[in-house]
Number of protein chains: 2
Amino acid sequence: MKKKESAKERILNVASELFYSEGIRAVGIDRIIAESEVAKASFYRNFATKDDLVVAFLEQRQIRSLSKVEEAKNLYPDEPVKQLHYLIRILSESIKHPNFRGCPFTNTLLEFPDAAHLGHQTALKCRVDHEGEIAKIARQAKARNPEALAAQLEMLYGGAIVDAYINKPTFDSHNFYDAAMVLVESQLT
Amino acid sequence: MKKKESAKERILNVASELFYSEGIRAVGIDRIIAESEVAKASFYRNFATKDDLVVAFLEQRQIRSLSKVEEAKNLYPDEPVKQLHYLIRILSESIKHPNFRGCPFTNTLLEFPDAAHLGHQTALKCRVDHEGEIAKIARQAKARNPEALAAQLEMLYGGAIVDAYINKPTFDSHNFYDAAMVLVESQLT
DNA sequence: AATGACAGAGACAGGTCTGTATCACTTGTA
DNA sequence: TACAAGTGATACAGACCTGTCTCTGTCATT
C-alpha cells in the first residue's frame with residue numbers, strides 16, 4: 001500500500017518545514033493546507049487542532065535530535081569525551097547550513113512564553129530530555145560537575161543557535177566550537 | 001506642567017512591561033490600551049502603528065542595556081578586564097530576578113524571523129551595537145581575539161538568558177558565571 | 001458492480017486583531 | 001468666561017485565523 005505520501009505525512013512535512021523556517025504563529029493553517037495540497041477536511045481529520053500539529057512537529061524534531069546522540073554513542077562506544085567532541089562538531093557543522101534557523105524547541109518556547117500552552121510544555125520536555133542525555137555522557141566522561149557542564153553546553157548551544165540564525169552573514173561557527181571545547185577541557189583537567 | 005504621566009508615557013511603560021513579559025505578538029493593542037487606561041484615539045495619536053510602539057520599546061530597552069556598559073566603564077576606568085567581570089556579574093545577578101524573562105532583542109528577533117520586519121531590524125541593530133561595545137572592551141583588555149571573545153560572550157549570554165527564563169526553577173546562574181569566566185581567562189593567559 | 005474509507009474543494013461561522021471615526025468631556029491658558 | 005488641545009468611551013470596518021460543514025470524487029477490497 002503505497003501511492004506516494006499520505007495526506008498526514010504531507011501535512012506534517014510541510015508544517016515542519018514552515019514552522020521551523022518561519023515560526024509557528026506566523027504560519028496559518030490555510031497556508032499549510034494550500035502547500036500540502038490537501039483539503040481542509042483532510043487536515044482536521046488527521047490533526048484535531050493546530051496545537052496537535054505543533055506537538056507532532058516537535059516530536060518529529062526531537063526524534064531527529066536524539067538520533068544524533070545515538071549516532072555519537074555508536075561511533076565512539078565507551079569514549080564519552082569523543083562523543084561530546086563529535087556532538088560539538090556536528091552541531092558546529094549544521095549551524096553553517098543555509099537552512100539553519102536555530103533550535104526548534106527554543107524557538108517554540110520563545111514564541112509561546114505561556115507555560116500553560118501545550119506547545120510550550122512539549123518543547124520544554126524536549127529540551128530537558130536532551131540536556132539529560134548530555135549530562136549522562138558528561139558523567140561517563142568523569143567531568144568534575146557533569147550537570148553543570150551539560151547545562152553550560154546547552155547554554156552555549158542555545159546561544160550559538162540563536163546567534164547563528166540571527167546574524168548569519170557574520171556568524172563564525174569556529175567561535176562556538178572553540179568555546180565549547182574550552183568548557184569541556186576546563187571540566188576534565 | 002505635570003499631572004502624573006502623559007498618555008504616551010503610560011502607554012510605553014505598560015507596553016514595555018507586557019511585551020517583555022508576555023511577548024509582542026501575544027499582547028494586543030486593546031490590552032495595552034485597557035491597561036494604560038487610555039483611549040484608543042490617544043494611542044494612535046502617539047504611535048501611528050503597533051510597529052512604531054515596538055520600536056519605541058526596543059529603543060527604551062537598548063538605552064537601559066548600554067547604560068550598564070557605561071556603568072562598568074565608570075566604575076573601573078582603564079581596567080577593561082574588571083569591566084568585563086563586572087558585566088558578567090551583574091548579568092548573572094539579573095538572571096536571578098523573578099521578573100527576568102530574557103533578552104528583549106533576542107526574543108523579538110525570534111518572534112519576528114522575517115528580516116524585512118521593522119521590529120526584527122531594530123532588534124538586530126541593538127544586538128550588534130551591544131556586541132560591538134563588548135568587543136571594544138575586549139580589545140582594550142588585549143584579548144588574543146577580541147571579536148571572537150565578544151561573540152562567544154554574547155553567545156553564552158544569549159544562551160543563558162534563554163535557558164534561565166525557560167527553565168527558571170532549575171537554572172543555576174553560577175553555571176553562566178563560571179563558564180563566562182573560563183572563556184575570558186582562556187583568551188588572556 | 002457495490003460498498004466504505006479517505007481525499008479534494010470551498011462556503012461559512014465565530015473570534016481576534018489592527019486601525020479609523022465620532023462624540024462628549026476635562027483642563028490649562030488667555 | 002471662552003477657547004483649544006488632548007483625552008476617554010465606544011462603535012465599526014476590514015483583514016485574518018481557526019475550526020465546522022457539506023458535497024463530490026476516487027480507489028481498494030469484496
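So you know, we letter chains A, B, ... as the sequences are listed, proteins then strands, and number each from 1.
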Hey, what do you get for OG (B:Ser94) to CG (B:Asn99), rounding to the nearest 0.5 Å?
11.5 Å
A:Leu12 CG to A:Arg10 CZ distance, which is reported to the nearest 0.5 Å:
12.5 Å
Are the charged groups of B:Glu147 and B:Arg139 less than 4.0 angstrom apart, N to O?
yes
For B:Glu17, give me all partners under salt bridge (Lys or Arg N to Asp or Glu O under 4.0 Å), at least two apart in sequence or on another chain.
none
For the pair made of [atom1] in [X] and [atom2] in [N], what is the distance, rounded to whole Å?
X: A:Ile11; N: C:dC6; atom1: CD1; atom2: C1'; answer: 12 Å
X: B:Glu9; N: D:dT7; atom1: CD; atom2: P; answer: 11 Å
X: B:Phe43; N: C:dT20; atom1: CZ; atom2: C1'; answer: 13 Å
X: B:Tyr44; N: C:dT22; atom1: OH; atom2: C1'; answer: 17 Å

When you measure only distances, ignoring hydrogens and angles, does the side chain of A:Lys40 come within 3.5 Å of the base of C:dG8 through a donor and an acceptor?
no
Name each donor-acceptor pair under 3.5 Å that joins a side chain in residues 115-133 of chain B to protein atoms two or more places apart or in another chain, with its distance.
unit_1   : atom_1 : unit_2   : atom_2 : d
B:His117 : ND1    : B:Gly119 : N      : 2.8
B:His120 : ND1    : B:Phe112 : O      : 2.5
B:Gln121 : NE2    : B:Ala115 : O      : 3.2
B:Thr122 : OG1    : B:Leu118 : O      : 2.9
B:Lys125 : NZ     : B:Asp129 : OD2    : 2.8
B:Arg127 : NH1    : B:Thr106 : OG1    : 2.8
B:Arg127 : NH2    : A:Asp163 : OD1    : 2.5
B:His130 : ND1    : B:Glu154 : OE2    : 2.6
B:Glu133 : OE1    : B:Lys73  : NZ     : 3.3
B:Glu133 : OE2    : B:Lys136 : NZ     : 3.3

Show me, pair by pair, the donor-acceptor contacts under 3.5 angstrom made by side chains of residues 85-93 of chain A, not counting sequence neighbours?
unit_1  : atom_1 : unit_2  : atom_2 : d
A:Tyr86 : OH     : A:Glu71 : OE2    : 2.5

So side-chain hydrogen bond (donor to acceptor under 3.5 Å, both in side chains) across residues 41-51 of chain B, not counting sequence neighbours, yields B:Thr49-B:Asp52
Could you give me the CA-CA distance, side-chain angles and deciding distance for B:Asn175 and A:Met155, then say whether side-chain contact (heavy atoms from CB on, under 4.5 Å) is met?
CA-CA 9 Å; B:Asn175 288 335; A:Met155 210 181 281; 3.9 Å; yes
Residues of residues 45-59 of chain A with any non-hydrogen atom less than 4.0 angstrom from an atom of DNA chain D: list those, numerically ordered, please.
A:Thr49, A:Lys50
Could you list by number each residue of residues 17-39 of chain B showing a heavy-atom separation from DNA chain D of less than 4.0 Å, or answer none if no residue does?
B:Glu37, B:Val38, B:Ala39
Checking D:dG8, D:dT18, C:dG8 against the side chain of B:Arg10 (C-beta onward), the nearest is D:dG8
Considering only C:dG19, D:dC21, D:dA9, which nucleotide approaches the side chain of A:Ala41 most closely?
D:dC21
Within a radius of less than 6.0 Å around CD of B:Glu22, do more than 12 heavy atoms belonging to other residues, nucleotides or ligands occur?
yes
Taking only side-chain N and O atoms of B:Ser42, does any of them lie within less than 4.0 angstrom of OP1 or OP2 on D:dG8?
yes
